[in-house]
Each structure stands twice: as structure tokens, then as C-alpha cells.
Amino acid sequence: MRRQLDLRTAKRHPMATERYNAREAEARWQAAWTKTKVFETDNDDPRPKYYVLEMFPYPSGRIHMGHVRNYSMGDVVARFKRAKGFNVLHPMGWDAFGMPAENAAMQNKVHPKSWTYQNIATMRGQLQSMGLSLDWSREFATCDLEYYTRQQRLFLDFLEAGLVTRRQSKVNWDPVDMTVLANEQVIDGRGWRSGALVEQRELTQWFLKITDYAEDLLTALDGLDRWPEKVRTMQKNWIGRSEGLRIRFEIAGNHAPAGQRTVEVFTTRPDTLYGMSFLALSPDHPVVKALAADNPDLAAFVDECHRMGTSVAVLETAEKKGFDTGLKVVHPFTGETFPVYAANFVLMDYGTGALFGCPAHDQRDHEFASRYGLAIRPVVVPDGVDPAAFSVADAPFLDDGRLVNSDFLDGLSVPDAKEAVARRLESVTLDGAPAATRQVNYRLRDWGISRQRYWGCPIPIIHCDDCGVVPVPKADLPVALPDDVEFDRPGNPLDRHPTWRLVDCPRCGKPARRETDTMDTFVDSSWYFARFTAPDADDPTIPAVADAWLPVDQYIGGIEHAILHLLYSRFFTRAMKATGHVSLEEPFRGLFTQGMVVHETYKAPDGSWISPAELRIEETEGGRRAFRLSDGAEVTIGSVEKMSKSKKNTVDPTDIIESYGADTARWFVLSDSPPERDVEWTDAGAQGTNRFLQRVWRLVTEAAAVIPPAAGAAPRSPEATALLKAAHKALAAVEESIEGLRFNVALAKIYELVNVLGSTFANDKARFQADPSFGPAFREALGILVQVMAPMTPHLAEECWSALGRDGLVALTPWPAVEPALLVEDEVTLPVQINGKKRADVTVPRDADAAAVEAAVLALDAVVKALEGKPPRKVIVVAQRIVNVVA
RNA sequence: GCGGACGUGGCGAAACUGGUAGACGCACGAGACUUAAAAUCUUGCGCCGCAAGGCUUACGGGUUCGAGUCCCGUCGUCCGCACCA
């Protein structure tokens, strides 16, 4: 079969070569790179550094196309920067702790550790088959004892530095995973991993004090100019800074619960104080709790609020409900009294858990007041509107305007009124203290890191009945996970291990108990980028080395980590600075969030999803139809969606690499779509890519066989110059596009170059003999082609490099220098517009002045005809661009 | 509801700071080679029109010699946040 094919090819193409055999060549070049340790990075290399990093994967079992895209992009940058003379750090590791390993343990009776390390072995092999230029000598997994020991040390350092606290708090409890979730891990009221409805529980938890850095994390966002605006906005909103006033209200009469003479609220609208008509407390507010103790109706109301879920559906439809506590508070300026409600829409963990209601200027207060028949009194009216004619009965007025009905505030703008109220209340004394203080409030909460799981980094703490909470002395680290654990029941296996938790108190020596909570896995990924700089160091980092490598120059990953991982890592870097492990604040100088790989979906007649591998597609003029291979049944072609196991619209990278080769997969995921957008995987596209790579191979090998060896320097003929111009223009364009991470554009420029070289080769072979400058020019152009392709298709590039008879590895060859003279044309062809419409072209010398261009244009037939003998009203000449004649 | 991004052929897209709209790829059509198919090569391909020519960057206005690009409005899509006082 093979032989027959070759004979036929040979018949028509005397110089024909074998088809490029990706499988064979890729394995060979990967072995060559490994053998010569091309991608192992030396910390002492004096060249300028460049740290490129892709978000490390969770070892779920197999890599998917999303990984292929992510790592292909990073590899292009790494290989390009290496060729540009940088000392490149491009490491890889595994985000290896987490729930799925425990789920596997429960379902398949396999230990989380062996499950994880087996997956890592499989996925490492898959990544290696992609030919990524990674420094595998620095590889680690976060579940390696060597890694999490250092993480425990960081935790203890943070504890000493006051960056860790332990407190009781209401937590999001995932009843399926039986663990606590951070707010960020609750999506639409459900656990981000299990999808179970989250419950509220009171637990004692460990927290990292990220709120200490709220202001800094916010303001520093402005300096991250190489981050997507979108991500910065999301973080800004997440931190949620707001400036306002804490105001204390006096409780009227003697009805207040013991010790409570005032209630404090937080407001960002102190200007609307004269529009107040009630005060609302969270159901969890201490005053409400105290009152509920001897008020069964109020207690019932509080219970009802707790039962209300937190899901979006519930919240959106939930009506504002309140319970009149019977308390009254005194208005600080007017002395009027207002009712105090417990209300379901007031959150205990924002501000003070209490607010004053101003229905005229707040949507929620408006709804609440309408329901309970409370006064709705406007105190701000739009400029130029008659206050008497202004109504807020139907909707609150939320914009800026002019104060009315507000005594000393009347006539002021909203900002001025806020300031005036703040000043006045600060000087009013209530119960021995100012009635109000200015406050900046953040939506950001401290980061609860306790997880009631086995497969995570143990929190290095010991609980002693006498000494209380005692940190594990650093000399006693690591606190290693025990291997002998059972997963026959839900909950935390560490908690029911017979001996692991039993330990003597390091302080008093009496029997004590280990903390059995482990850390949120987001802790693991908050400093791995620093550990890569010195993966074998005894300390978490070698500060001088970390400082030399960091920040990561280009970080690439999915948008799904826009808040969680990236915000935690920014905090962690600050905390590591505070504890002397690094001396910078921002870990990621450049951030790029790549789009997903999507694919068509297919449905069988019975409604079940069908995978692309189980069907064939027929393409006709009329459209596309799909049929199931097993029985020929017609399959409905559905929408294009993110690849997912549930919809079966996945393509396994290994299948692609085995049939087309890694270079085809790499090239395809970089082509067509801009990298930040989704790319649709199609088999037709993959075949097209493969055809193109074969074409390049054919061009290089056939040309190499024909081009005569160089025989001395000859002056460049116009044809040789034209060829080199095409090559150097492509070179410059590819370079610029890769710098800007516009891989799809870089690829288009390479296609153009191949088209030029291909047609020149096909049509002008005789010139190799006639023109002594043509062969060398063609050879140089092919060399440039191979080098600009090398970051994307490194294996094919090496194979071509060697076919061209060049020395060494492309991977070690410096990026070719652009010859600037080849980028400029002697003549330029300018489009000529008449009244803004293109009517002709004019070719003039590159350095022709405006007058000469104008003269040439006015002599054109089309222009003469259009002007009908009259002089032009105006002629606009834009150098090197365009000419517009206004008739 | 609030905030943000985007809207260009059959499809993915390109277009430097306002200067030839549709590069490049996919799909498709025609042709060559072949007994045939695959592969390969040549060629066509925004829309209307036989042509000359006209129209065209979601839609409607505006600024400009000139607008995909800038401004205003409308419609649509996607994403993020969401009782945050």
C-alpha cells in the first residue's frame, strides 16, 4: 500500500519525498531535546530572565483540549523568548490536592495518593507527547510532602506575623462534600464542585487575613497594566470598597435589651438622614437575638429567615419582610423616634448588620416601606425640578440632586450634604463617644481556609486543654498525612483515625490533639509559582532567587480564575513579603486569559448525546448531515458548546496526536480564532492543518534537493530580493504578533510566506541555474520560515532544519534578525480616491513629495475624466497611504 | 437591576495612531492528473447585476476630504456581580 503510493508520487514528482511522519519524528526530537537538556533552566545564567507560566493542571486523569490550547500558547512564548536570547523559566507541576481524589477513593477503593500519582504519570506522558519546552527537572506536585511541608512553614510564619486568625463564624456548609466553602466557592447558592445547595452553619475556622490588604489589593490593580481590564474590574468589584459613616442611634425609653443603649448602622448615604423612616436589623443582630429570647413571635420570624435558602431563585423572588421589635430609635437631629424592625434583607456580615431606612432614595427600603406603610419622604430632588411636583411614590430617586426637607442641608448637593452630616455627627456626643465615625467598608471577607477533608495540607496546629491553640514547632514539621485511612463513610478520615490526632502538647507535654482540618487547595496554588524558582530549597523559597525570577512575566490561564486564584496569589505574595520570603507584591506582571475549546454537539434519535468519534459527517452543497457509525442512524447536529464529558463533545488530545501529530494539534488550537476567544475544534480544520504541515515539509525537502550549493557571493537579483522581502516581512510580522500574543495573526503571516515560496518554487525552478543569487536567497527564506514556525510546530521545524542541512537544533538557534532594508519598498502604490471613493491606483517612488504625487494623480485618466477640465477643489495626500481628490 | 465586552461574507477571522474592508484559514464550486477515489496542483468565491455599475462592517443619525475604527441613539449577543445599606 505504502509502496504503491510512493511509486505513484515518484512518477509525477521526480524529487518527491516521503510524507512527513509526525509520530516517528516527534518522538525522535523529543528524545533529542531531553538528552541535551535544552529546556532545563540555570538560575545562574546571566542573560535577562523571562518567566512564562501556564496555570498548572489538576491531575484529573487525562489532559483535555483546553490544556492543549493553554500550554501551546505558553510554549510559543517560551520558545520565542528563548530564541530571542532570554534565560527562560518554563516549569510545570500539579495542583494535586483536592476532593476528586477522595471521591475516587470512596467510589473505587483506591487510595487518594496512588490515584493522584497515577494520574500525574499519565498526564505527564501526555504533556510530554506535546513536545512542550518545559523544565521537567523542576516539576513537583502540591501533594508532595516536600511541598506541603514548606506550606506549613509559611502558615506558621503567617501566624507569627498576625496574618492568621481563628474564629467562630457562620460558614457555607456543603452537605454533599461535607466541607466548608469560601464565599467565592458558592455559586448561585450551590457548592462550586458538588452543586449541592449550601447550608449555613456555625463553625470554628482558620482564616487568612486577606482583608488587611483590601486597600492595597485594590489600589495596586491600577498598576497591573498588562492584565485584562475585565479581570481587574472583577477584582475591583469583588473587593467592593465603599466609603460611608457609622452612625449610632440612641434607643428610646427603657425598652432596650440589657447593656444596649445605642444601635450602630453603616451608611453610604448620610445625606439622606432626614428621609429616614425606620431602622432595620439583621435577624442575626445581637439586639434581635436578645429580644427574641423572650419574644416567641420574633424568634419564629428569625427562624423563618434562617430557613430561607441562599439560592438566587429564592433571593430574587423573596419579598422584603420585617418584624417590628417594638423598639424605637431617636433621630440625632430632629429627636423624632422611628420603629426598629428585624428584616430579612439585612446581612449580618456587612457593615454593622444594621441600617437606617430611607425609602425615598433606596430601592430595598422603598419596597420595605411600601409593604409596611412607612413614610416615603424625598430629601433629594433632581436639579431644576420643583420639589412640590416631585414624587417618589412609585420608585426611589437614586441620582445626585439637591437636598430638600433637610433643615441645614437644604440646597446642598449630595456629596456636600454627606460631608456636612459627617462633620455635624462627629461632633455630637452620644453616650460618651461621637455619634458617628467615618468608615471605609469592604465586601471582601477574610479567607476561610479550613476544610474538613483528608486530601489536603494539614494545618500545623495542636489543641491542648491547658494551653489552648498551640502551633506545631517548626522543628517538628512536617505534619504528614497518614497513609492508613478509611473512606467508607463521608466526613473527614483524619478525624476518626485511631492515633494520628493524638500528640503531646509541645508547650506543656500533656496529651493533646492535632488540628484535623486541612487547607483549602487554593492555598496550594497561591505560591507554587514562587516555589518553581527553587524547587529543592529547604526553605519555602530562596528569597534572592525568587526575587530574581519573579514576577512571572507572562501568566496564561482560564478566565474562571479571574477572582479566586489570582486574588489569593496576590495576597499570598504580600504575606510572603511580610514574612521575608520574597520582596515583591505582585506575582504576575502579564496575565492572559485564553478562550475555551468548543465543539459541535450531536444527539441520537433517542435524545442521547453522541461523541464525534462515533459518527461520520457528510458535507454537501445543501448542508451537513451526521450519521451514527454503528447503525447508520441520522444524528442531529446541535449547537457548538464547551467540550464536556456530559455532552460527549470532547476530542481526546492523545487521539489527535496519534493520528496527526502534536504539531497539528498545537497549530490548530492557535489558528483562526484570537487566543482570548473560544476556538471551535473541527476535524476538517485539523485535516487542513495537517495538509498544510505536509505542504511545508514537501516544499522544504523538494527545494533542498534542487537548490544548488552556494558558490560565492553574487549580487542579489530583483527576484532574489523579492523573495527575501517576503521572508523578512513575514519575520517582522510574526515577531510582532507573538509579542502581542496574537497567534492567529502570526499564523496567517506564515501561511502567506508559504504561499509565496510555494508558488515561486513551482513556477521558477529554472532560475536556480540561471541566477546565482536565487538559490541562496531561497535557502535563507526557507530558514526563516522554519524558524518562525518553530515556536508553534517545533518537531516539524527540527526535521526541516535538518533537511536543509543546518547545524544543531532550531530550539537552540537565535531568532533571525530582520534586515531593515528589506522591509522598505522603492516604490509605493497608493490608492486614489475621488470624493472618498476609490477610482484608481498610482505608483510613485517611495520618497516622492506631496507635490510630485499630486501631479502624478492629476495626470491619471480616471482623475482627468472625473474633473471634467475643472481644477480640483482639494487634493489630500497622505504619505505612504492614500490620495483623495475632492472634485 | 448594576457593571463590562462585543456585533465585519456560508463559517473562524484580518484591517497600524481615522486612509484600498474582507488578509489568512475552513467549507463550497470549476478544471488538471486518475479507470476511479484519495492526495496534489490550477482557479473561482461579500451581495445585487449579462454588463457598465451599484450596495456592503447589527440598525438609525452625526463629525470628517475620508468612518469597521470617533460621537449620540436603538436593537441584539455574551460575560461578571447581585438585597453590600
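Residue numbers start from 1 in every chain, and the chains themselves are labelled A, B, ... in the order their sequence lines are given, proteins ahead of strands.
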Pairing check on [N]: which nucleotide meets the Watson-Crick or G-U wobble criteria with it, both distances under 3.5 Å?
N: B:C78; answer: B:G4
N: B:A14; answer: none
N: B:C65; answer: B:G19
N: B:G29; answer: B:U43
N: B:A38; answer: none

Considering every strand and a 4.0 Å limit on heavy-atom distances, what is the contact class for [X]: base, sugar-phosphate, or nothing?
X: A:R246; value: nothing
X: A:D365; value: nothing
X: A:S242; value: sugar-phosphate

Margin query: Under a plain distance cut-off of 3.5 Å, with no hydrogens placed, do A:N835 and A:R873 share a side-chain donor-acceptor pair?
Written below: no
In this structure, how many angstroms lie between the [atom2] atom of [N] and the [atom1] atom of [X], rounded?
X: A:Y751; N: B:A13; atom1: OH; atom2: C1'; result: 13 Å
X: A:I750; N: B:A23; atom1: CD1; atom2: C1'; result: 15 Å
X: A:D672; N: B:C24; atom1: CG; atom2: P; result: 13 Å
X: A:Q687; N: B:U40; atom1: CD; atom2: C1'; result: 15 Å
X: A:N744; N: B:C26; atom1: CG; atom2: C1'; result: 14 Å

How about NZ on A:K765, more than 12 heavy atoms from neighbouring residues, nucleotides or ligands closer than 6.0 Å, or not? yes
For the [atom1] atoms, the ones on [N] and on [M], what distance do you get once it is rounded to whole angstrom?
N: B:C11; M: B:C83; atom1: C1'; answer: 44 Å
N: B:G9; M: B:A15; atom1: C1'; answer: 15 Å
N: B:C48; M: B:C33; atom1: C1'; answer: 37 Å
N: B:G1; M: B:C45; atom1: P; answer: 47 Å
N: B:U63; M: B:A14; atom1: C1'; answer: 27 Å
N: B:A5; M: B:G22; atom1: C1'; answer: 23 Å
N: B:U20; M: B:A82; atom1: P; answer: 45 Å
N: B:G68; M: B:A13; atom1: C1'; answer: 14 Å

Per the glycosidic torsion and the 90° limit around 0, nucleotide B:G25 is anti
Salt-bridge present ([X], [Y]; N to O < 4.0 Å):
X: A:R438; Y: A:E243; result: no
X: A:D222; Y: A:K236; result: yes
X: A:D349; Y: A:R445; result: yes

Between [X] and [Y] (side chain of the first, backbone of the second, donor and acceptor by atom type, cut-off under 3.5 Å), is there such a pair?
X: A:Q880; Y: A:R846; result: yes
X: A:D678; Y: A:M596; result: yes
X: A:H361; Y: A:V379; result: yes

Between A:F368 and A:K320, is there a cation-pi geometry (under 6.0 Å to ring centre, at most 45° from the normal)? no
| query | If you draw the axis of the six-membered ring of A:Y751, does the NZ or CZ of A:K749 fall within 45° of it and under 6.0 Å from the ring centre? | reply | no
Polar atom pairs (N or O), protein with nucleotides 51-58 of chain B, under 3.5 Å:
unit_1: B:C55; atom_1: OP2; unit_2: A:K837; atom_2: NZ; d: 3.4

Nearest to the side chain of [X], heavy atoms from C-beta on, is which of [options]?
X: A:I882; options: B:U20, B:A15, B:A23; result: B:U20
X: A:K838; options: B:A85, B:U20, B:G25; result: B:U20
X: A:R443; options: B:A13, B:C81, B:A85; result: B:C81

Please find the pair of heavy atoms, one from [X] and one from [Y], that lie closest to each other, and give the distance.
X: A:A369; Y: A:I376; value: CB-CG1, 4.1 Å
X: A:W681; Y: A:A686; value: CZ2-CB, 3.7 Å
X: A:V346; Y: A:G353; value: CG1-O, 3.5 Å

ask   = Within the modelled atom types, does a donor on one side and an acceptor on the other bring the side chain of A:K320 and the base of B:C83 under 3.5 Å apart?
value = yes
Between A:G688 and A:T352, the residue closer to the 5' end of RNA chain B by nearest nucleotide is A:G688
Of A:I559 and A:S673, the one whose nearest nucleotide on RNA chain B sits closer to the 5' end is A:S673
N or O in side chain of [X] less than 4.0 angstrom from [N] OP1/OP2:
X: A:R695; N: B:A39; value: no
X: A:R19; N: B:U40; value: no
X: A:S671; N: B:G12; value: no
X: A:R698; N: B:C41; value: yes

- Query: Are any of the side-chain heavy atoms of A:Y20 and A:D663 separated by less than 4.5 Å?
  - Reply: yes
Could you pull out the protein-nucleic contacts involving nucleotides 2-11 of chain B (nitrogen or oxygen on both sides, under 3.5 Å)?
none

Please enumerate all protein N or O atoms sitting under 3.5 Å from an N or O of nucleotides 64-71 of chain B, with distances to 0.1 Å.
unit_1: B:C65; atom_1: O2'; unit_2: A:N884; atom_2: ND2; d: 3.2
unit_1: B:C65; atom_1: O2; unit_2: A:N884; atom_2: ND2; d: 2.6

